[in-house]
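Sequence lines set the chain letters: A, B, ... in the order given, protein chains first and strands last, and positions in each chain run from 1. Because the structure is a prediction, the values reported are computed rather than measured.
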There are 2 protein chains.
Amino acid sequence: MNMGTTKTEIFTEQQNQMAQMAKALGHPARIAIVQYLLKQDTCICGDLVLEIGLAQPTISQHLKALKTAGLIKGNIEGTSTCYCLDYEKWDVMKSLLSPLLNLETDNNTNCC
Amino acid sequence: MNMGTTKTEIFTEQQNQMAQMAKALGHPARIAIVQYLLKQDTCICGDLVLEIGLAQPTISQHLKALKTAGLIKGNIEGTSTCYCLDYEKWDVMKSLLSPLLNLETDNNTNCC
DNA sequence: TTCTTTTATTGTAATATTACGATTAATAAA
DNA sequence: TTTATTAATCGTAATATTACAATAAAAGAA
């Protein structure tokens, strides 16, 4: 059977997309990478290895996860790869997640 | 060794918090639960079993994950448990994640 | 060409996640 | 008290994730 695997077929495309983007941010190393890119605009893998302190293959793995989710782009430049945020995808994420995040805090009167 | 485990000690408290909250939203079933609670204010486990279509222990497991992350609260009422969003925690999440989500889209000039 | 630099990939060990059947626990109803 | 009703927990199978050593690949420097 397909145990251990998420049943994506019973959810909407939108729900799967939202979950995928949230999942991509669901590791502190990937949060740190995004924060670094926000500050520096671009970076190469080696920068992050020094900054974060995980092994190079581990950083490379996290970069791949962010790239697969579409949150970053990578361009090969000589021996290194230049990474940056994919702002178009971040706009999509923002529009999908803002209905969840922009909650009315004073709704908690009708709570259990 | 501690292989397979996230090295939380090399990250800031804030980075770990952000990752934990994002991770809690990183599954379509948990997105669906949050969306349901946004629409209905409160619900019990059985409502979600009917609405989502996963087995009762699976829904219960996802509710526990959201509760552990602090995103929902649960109050026992007779034989059932009444769940709702924890708006205070959502405020924390909003303030932590908004620096990431409120990006200037026209920054992509200095990208690679 | 040979050596260096940089990153991606492969392989693997340890742990975490997902899903569900079976069972338990706890309250309500008969 | 006996019988539902409801949800949590336990156990477990299948898969996914995390971390890193070792290696490969690809471009630049000597």
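Once rounded to the nearest 0.5 Å, the distance linking CG of L38(A) with CG of L100(B) reads 6.0 Å. Taken to the nearest 0.5 Å, the CG atom of D41(A) stands 9.0 Å off from the SG atom of C84(A). Here the NZ-OH distance, from K39(B) to Y36(B), works out to 6.5 Å after rounding to the nearest 0.5 Å. Between atom CG of residue L25(B) and atom CD of residue Q20(A) there is a gap of 14.5 Å, rounded to the nearest 0.5 Å. The distance from the CD1 atom of I72(A) to the SG atom of C43(A) is 7.5 Å, given to the nearest 0.5 Å. A distance of 12.0 Å separates NZ in K7(A) from CD1 in I52(B), rounded to the nearest 0.5 Å.
As rounded to whole Å, 11 Å separates atom P of dA7(D) from atom CD1 of I59(B). Atom CG of N75(A) and atom P of dT7(C) are 14 Å apart (whole Å). Per the geometry, CG belonging to N2(A) stands 11 Å off C1' belonging to dC20(C), to the nearest Å. Between the CG atom of L66(A) and the P atom of dA8(C) there is a distance of 12 Å, rounded to whole Å. Put simply, CD on Q56(B) is 10 Å from C1' on dC20(C), counting in whole angstrom units. The NZ atom of K67(B) sits 13 Å away from the P atom of dA7(D) (whole-angstrom rounding).
Residue S60(A) is classed as a base contact, given a heavy-atom separation below 4.0 Å to a base.
Five base pairs at each end of the helix from dT1(C)-dA30(D) to dA30(C)-dT1(D) define two local axes, and these are offset by 10° (rounded to 10°).
Enclosure of atom CD1 in I76(B) is not indicated, since only 12 or fewer non-hydrogen atoms of other residues, nucleotides or ligands lie within 6.0 angstrom.
Residues forming a side chain to side chain contact (heavy atoms under 4.5 Å, CB included) with A65(B) (at least two apart in sequence, or on another chain): R30(B). For the side chain to side chain contact (heavy atoms under 4.5 Å, CB included) test, residues two or more places apart in sequence or in another chain that qualify with K89(B) are M21(B), L71(B), D86(B). By the side chain to side chain contact (heavy atoms under 4.5 Å, CB included) test, I44(B) is found to be paired with D47(B), S80(B), residues two or more places apart in sequence or in another chain being considered. Scanning for side chain to side chain donor-acceptor pair (under 3.5 Å) contacts around Q35(B) gives Q15(A), with sequence neighbours left out. A search for side chain to side chain contact (heavy atoms under 4.5 Å, CB included) contacts involving Q56(A) returns C45(A), V49(A), S60(A), not counting sequence neighbours. Legend: residues meeting side chain to side chain donor-acceptor pair (under 3.5 Å) with T6(B), ordered by chain and number and at least two apart, are H27(A).
For the OP1/OP2 pair of dT6(C) and a distance below 4.0 Å, the side-chain nitrogens and oxygens of Y83(A) include no atom meeting the criterion. Checking the phosphate oxygens (OP1, OP2) of dA27(D), no side-chain nitrogen or oxygen of S80(A) falls inside 4.0 Å.
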Check: protein-nucleotides 25-27 of chain C nitrogen or oxygen pairs below 3.5 Å:
none

At a cut-off of 3.5 Å, list every protein nitrogen or oxygen paired with a nitrogen or oxygen from nucleotides 16-18 of chain C, distance to 0.1 Å.
| unit_1 | atom_1 | unit_2 | atom_2 | d |
| --- | --- | --- | --- | --- |
| dT17(C) | OP1 | K23(B) | NZ | 3.1 |
| dT18(C) | OP2 | R30(B) | NH1 | 3.1 |
| dT18(C) | O2 | G4(A) | N | 2.9 |

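Residues S98(A) and L101(B) fail the side-chain proximity criterion, which asks for heavy atoms closer than 4.5 Å. The shortest distance between side-chain heavy atoms of H62(A) and L48(A) does not fall below 4.5 Å.
Checked options L66(B), L63(B), N75(B); the residue passing with Y83(B) is L63(B) (criterion: side-chain contact (heavy atoms from CB on, under 4.5 Å)).
For DNA chain C, the neighbouring residues in residues 44-54 of chain B, judged by any heavy atom under 4.0 Å, are L54(B). Near-neighbour residues of DNA chain D inside residues 8-16 of chain B, defined by a heavy atom below 4.0 Å, are absent.
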